[in-house]
Amino acid sequence: MGVVAVGLSHHTSPLALRERLHFPPETIPAALRELQNRLHGGAAVILSTCNRVEIYAHHEKDAVALCDDIRAFIGCWHRIPDSEFVPSLYEHKGPEAVGHLFRVTASLDSLVVGEAQILGQVHEAFMLAQDQQTVDKVLSALFQRAFSVAKQVRTETRIGAGKVSVASIAVDLAVSIFIDLADKTVMIVGSGKMGESTLKSLLARGVGRILLVNRSAEKALVLAEELGGEAVPFEDLDEALTRADIVVTSTAAATPILSPGHFQRALRKRANAPMFVIDIAVPRNVDPAVNELDNVYLYDVDALKQAAAENLEARREEIDQCLRLVDDGVAKFVQWMQSLIAEPAILSISEELHGIRERELQKLLDAHPDLTGDQREAVTQMTRRIVNAILQRPMSQLKREVATDDPSFVLQLVRRIFGLKES
């Protein structure tokens, strides 16, 4: 099975490395085309989020060679030496790659197990690859099955019950610092989905005032009107920072937009009143050195791991049931993949029988030149339906028979029975 998954995540690498290997959304179309060229026509999907960078691919070539090509692409695209990222990579091949995608999509591999956002992120990654025409029949079926398994997990288990988002965990941390949010001001920098989700979680906990900062004044105004906040021009970021007790950053900036200097100036004007900062952007929006300042509590996506670990422990019983659903989905997909081995033989048999049908049909039509055009078409369609009906049951059974570890005996027997050439 030439399906592989190559990547790294919060399980295997620090945020600093994930930042370096991150694919900004606007670069993914070009990256997909370059990757497809490197794979000589293989199919690929790039999934890049704050917690993971993964490439899923399918090709008829050997899985080991396919992984080698993907590794080389990652290093070349990001201009990073192998020694700096390869030790953090994981490589899954065949059924292991299928299972990994299913666990990721079902949020069983997430920083916060059970969160719903990853399903949308995987779907967006797949749709983008589909738009770029870098998916094939196998990869398309793989992702559709992943979405189906994820839906099963969410509807048949309680894995999504309670607080399961990075946003909700971050807000719990804010409450642990401030206790009461009613008199606090939150500043959201950027219009990303995670930032908006965190803001809504803060509103649900009764936060007092909202400042919305965005490079696009129009976006800030729309969100401010929707949530009852104050839109702040990006150039007034420094002034707004002095008013903010809680800061949430979620922009697509390639480098930090908030430095220790920003917070030092704000703290002086705030008489050192504490500030809680949630940086959920990748690459990070806040310089990590900010965490060294007194009265500033900075949490990035990696800093939320401890709270996420506690969340995982609380969901341990649900996870076992979820994994059983994943394993069942993997088995069904592997069986489908195995059944594809029979397709060349099925196509040959179909061509052979329809060839016979067409020759005999032509003899019949030649013998009855008085038939009208409609009558000729009716006879043609009837003979086609008869052959298809004859083929349907044995071909379905053939697919089931080859869905074993060694289908070669079955295929050889079928070829001898039907007089097919060896493929």
Is the gap between the ring centers of His100 and Tyr90 under 6.0 Å? yes
Is the side chain of Ser140 donor-acceptor paired with the backbone N or O of Asp136 at a distance under 3.5 Å, no angle test? no
Sidechain N-carboxylate O distance under 4.0 Å for Lys332, Asp328: yes
Using the side-chain hydrogen bond (donor to acceptor under 3.5 Å, both in side chains) definition, which of the options Glu358, His354, Arg357 pairs with Thr383? Arg357
Cationic N near anionic O, under 4.0 Å, Arg209 to Asp183: no
Expected output: side-chain Thr12 to main-chain Leu8 donor-acceptor under 3.5 Å: no
For Arg243 and Thr185, does a side-chain donor sit closer than 3.5 Å to a side-chain acceptor? no
For the ring pair Phe23 and His78, is the centre-to-centre distance below 6.0 Å? yes
Crowding at CD, Glu60 (>12 non-hydrogen neighbours, <6.0 Å): no
Determine yes or no for a side-chain-to-main-chain donor-acceptor pair under 3.5 angstrom, with Gln321 supplying the side chain and Glu156 the backbone. yes
Are Asp68 and Arg71 within salt-bridge range, i.e. N to O under 4.0 Å? yes
Regarding Arg284 and Glu19, does a basic nitrogen lie under 4.0 Å from an acidic carboxylate oxygen? yes
Is the side chain of Ser107 donor-acceptor paired with the backbone N or O of Gly114 at a distance under 3.5 Å, no angle test? yes
With distance as the sole test, does His59 use its side chain to make a donor-acceptor pair with the main-chain N or O of Leu39 at under 3.5 Å? yes
Would you say Gln152 and Ser148 are linked by a side-chain donor-acceptor pair, where the criterion is simply a distance under 3.5 Å? no
Are the side chain of His123 and the backbone N or O of Ile118 linked by a donor-acceptor pair below 3.5 Å? no
Of all residues at least two apart in sequence or in a different chain, which pass the side-chain hydrogen bond (donor to acceptor under 3.5 Å, both in side chains) check with Ser259? His262
Asp287 side chain to Val290 main-chain N or O, any donor-acceptor pair under 3.5 Å? no
From CG (Asn214) to CG (Leu237), nearest 0.5 Å: 11.0 Å
Looking at residues at least two apart in the chain, or sitting in another chain, which of them share a salt bridge (charged side-chain N to carboxylate O under 4.0 Å, His left out) with Glu124? Lys193
Is a side-chain N or O of Asn285 found less than 3.5 angstrom from the main chain of Thr251, in a donor-acceptor match? yes
Side-chain heavy-atom pair Leu212, Ile210 within 4.5 angstrom cut-off: yes
Contacts of type side chain to side chain contact (heavy atoms under 4.5 Å, CB included), residue Glu360, not counting sequence neighbours: Ile356, Lys363
Report yes if the distance between the aromatic ring centroids of Phe126 and Tyr56 is under 6.0 Å, otherwise no. no
Asp236 side-chain N/O to Glu239 backbone N/O, donor-acceptor pair under 3.5 Å: no
Side chain to side chain contact (heavy atoms under 4.5 Å, CB included) partner of Val286, the single match among Val247, Ile278, Val277: Val277
Do the side chain of Thr49 and the main chain of Arg52 share a donor and acceptor less than 3.5 angstrom apart? yes
Consider only side-chain N and O atoms of Ser9 and Asn51, and report whether a donor and an acceptor are under 3.5 Å apart. no
Does Arg38 count as lying over the ring of Phe73, i.e. NZ or CZ under 6.0 Å from the six-ring centre, within 45 degrees of the axis? no
